[in-house]
Amino acid sequence: MIQFQFKPHKVYPEFYDKCSRTGVLRYKKAELREYGETYFMEEYESQYKKTYYEDEAPLRQMAKRRLGEICKLGIHPQNSKLLEIGSAAGFFLDEAKQMGFVTQGFELSEREVEYSRTKFGLNVEKKSVLDIPVSEYQNSFQVISAYFVVEHIQDIVGIWERLCKWLTPGGVLSLAVPSSFGPSFQTNPDHWFETHPSDHFFDYDIHSLKKLLSMLGFGLKYGRPMSYHPKRDLGLRGNFPKWLYQSYANSFCYGDTIEVAAKKYNL
């Protein structure tokens, strides 16, 4: 496994250490948080102004799109095993199950685990991924997805070791993460730090993810912004016409949140 080498950030040493090998940022003020029954729902509603359940239809559409892109990378749903880490109420897993995937999920909220099981008949367990030995799922899954999860995990070596070793050769890793290469951090760092979630231990961007994934034996297949926020951009780009801003963002994976997919080499 990769050995991270964190040193004080040259510009923001009070907030960040930066890995000299990958560029991953370690947030120095992060604190462990108990993820109780209401955490996810409260966080979701605070950010999107609607409950997670009220957003089911667009979440399912996004799930179908992501699954379609995963299949384009050479994954055939029938009898392929798919694991979602942080499966919430199970919308993504249910869409994957309907496509033919053999699905499994880990989720910390007991309420969401029960909802997934009773509503959709899903195989979801109330477990932290770090409580499971690496050897238990060695080369077990053709797909692993984790959407807005890895930044919450303090044991960076532990989570990436599992993501790497649990995938079969040729398997696909699908992630979504907040990104430090976006308008907020790049042009308004004071606000970035004022609003930085206290339970985000690490910050990634397309550049650090590409380096990290390469070191772990993955090839990055795509990276794209999940949304566009030119009004947040206090630099020159914020004055671009909408079409030009989006073109730039798509070309360089410039966004406050991004999604990526990578394929494990057939070693």
Side-chain angles (χ1 to χ4, degrees), residues 1-6 18-26 62-77 80-86 92 96 101 129 137 139-153 156-186 200-228 246-267:
M1 280 301 296
I2 186 171
Q3 296 297 313
F4 292 88
Q5 297 176 357
F6 287 102
K18 184 175 182 178
C19 176
S20 59
R21 301 190 67 197
T22 63
V24 172
L25 300 175
R26 179 169 62 189
M62 182 166 58
K64 290 176 182 177
R65 174 181 59 77
R66 285 172 170 165
L67 289 162
E69 290 167 345
I70 288 169
C71 291
K72 289 178 182 177
L73 297 177
I75 303 297
H76 302 288
S80 289
K81 293 183 178 180
L82 180 151
L83 171 68
E84 183 175 19
I85 300 172
F92 178 83
F101 284 99
V129 64
Y137 291 113
N139 295 326
S140 292
F141 301 100
Q142 282 72 43
V143 180
I144 297 179
S145 61
Y147 303 122
F148 299 106
V149 171
V150 296
E151 67 274 11
H152 291 268
I153 297 178
I156 190 172
V157 173
I159 182 58
W160 284 102
E161 183 178 23
R162 286 160 176 78
L163 293 174
C164 179
K165 292 188 176 180
W166 288 0
L167 270 172
T168 61
V172 170
L173 177 64
S174 179
L175 299 174
V177 294
S179 172
S180 56
F181 183 61
S184 291
F185 182 54
Q186 294 299 312
H200 286 193
F201 286 89
F202 297 94
D203 285 311
Y204 301 87
D205 62 20
I206 190 62
H207 312 293
S208 59
L209 280 172
K210 188 175 183 178
K211 288 181 181 179
L212 173 58
L213 288 164
S214 177
M215 291 177 180
L216 292 172
F218 286 82
L220 183 70
K221 292 303 180 181
Y222 66 76
R224 60 174 68 97
M226 289 187 62
S227 56
Y228 308 96
Q246 292 189 3
S247 176
Y248 176 90
N250 290 335
S251 296
F252 297 100
C253 197
Y254 178 75
D256 287 342
T257 55
I258 61 173
E259 56 184 15
V260 303
K263 194 164 189 178
K264 185 177 176 180
Y265 293 129
N266 289 295
L267 299 176

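Heavy atoms only: backbone and side chains are in, while hydrogens, waters and symmetry mates are out. Since the structure is predicted, the reported quantities are computational estimates derived from the model, not experimental observations.
- Across all non-hydrogen atoms, the minimal contact from L220 to A261 is CD1-O, 3.6 Å.
- Two residues are said to be in side-chain contact when any heavy atoms from C-beta on lie closer than 4.5 Å; F201 and R26 fail this criterion.
- Counting only distance, with no hydrogens or angles, the side chain of Q186 and the backbone of S180 share a donor-acceptor pair below 3.5 Å.
- Side-chain N/O atoms of Y204 and T22 include no donor and acceptor closer than 3.5 Å.
- Scanning all heavy atoms of the two residues, the minimum distance from V24 to F6 falls at O-CE2, 3.4 Å.
- For the atom pair CD1 (I2) and CD (E161), the distance works out to 12.5 Å, reported to the nearest 0.5 Å.
- By the ring-ring contact (aromatic ring centres under 6.0 Å, His included) test, F101 is found to be paired with no residue, residues two or more places apart in sequence or in another chain being considered.
- A distance of 6.5 Å separates CD in E84 from OH in Y147, rounded to the nearest 0.5 Å.
- Using a 4.5 Å heavy-atom threshold, the side chains of F202 and V177 count as separate.
- In this structure, the side chains of K72 and K221 stay at 4.5 Å or more apart for every pair of heavy atoms.
- By the 4.5 Å heavy-atom criterion applied to side chains, P183 and D256 are counted as neighbours.
- Atom CD1 of I75 and atom OG of S174 lie 11.0 Å apart (nearest 0.5 Å).
- Without hydrogens or angle criteria, Q142 side chain to K81 main chain gives a donor-acceptor distance under 3.5 Å.
- A donor-acceptor pair is defined here as one N or O able to donate and one able to accept, closer than 3.5 Å; such a pair exists between the side chain of K264 and the backbone of C164.
- Side-chain atoms of K211 never come within 3.5 Å of backbone atoms of G23 as a donor-acceptor pair (strictly under, hydrogens ignored).
- The line from CG of L212 to NZ of K210 is 13.5 Å long, rounded to the nearest 0.5 Å.
- Scored by the ring-ring contact (aromatic ring centres under 6.0 Å, His included) test, F252 finds Y248 as partners (sequence neighbours excluded).
- The two residues G219 and Y265 make their nearest non-hydrogen contact at CA-OH, 3.4 Å.
- Evaluation of the side-chain contact (heavy atoms from CB on, under 4.5 Å) rule for T257 yields F148, M226, S227 as partners, not counting sequence neighbours.
- Rounded to the nearest 0.5 angstrom, E259 CD and C253 SG are separated by 9.0 Å.
- Side-chain contact between P178 and H200: present, with at least one pair of heavy atoms (C-beta onward) separated by less than 4.5 Å.
- Listed for the R162 side chain is a donor-acceptor partner under 3.5 Å among the backbone atoms of V129.
- The aromatic rings of F141 and W166 sit tilted relative to each other, their planes meeting at an angle between 30° and 60°.
- To the nearest 0.5 Å, atom CD1 of residue I153 and atom CD1 of residue I85 are 6.5 Å apart.
- The nearest pair of heavy atoms linking A146 to V149 is CB-CB, 4.1 Å.
- Of the N and O atoms on the side chains of D205 and S208, at least one donor lies less than 3.5 Å from an acceptor on the other residue.
- Put simply, the side chain of S179 does not reach to within 4.5 Å of the side chain of Y254, judged on heavy atoms.
- The minimum heavy-atom distance between G74 and K263, with the atom names listed, is CA-NZ, 4.2 Å.
- Without hydrogens or angle criteria, D203 side chain to L25 main chain gives no donor-acceptor distance under 3.5 Å.
- Residues L67 and L82 are in side-chain contact: their nearest non-hydrogen atoms beyond the backbone lie under 4.5 Å apart.
- Across V260 and G223, no two heavy atoms sit closer than the pair CG1-CA, 3.9 Å.
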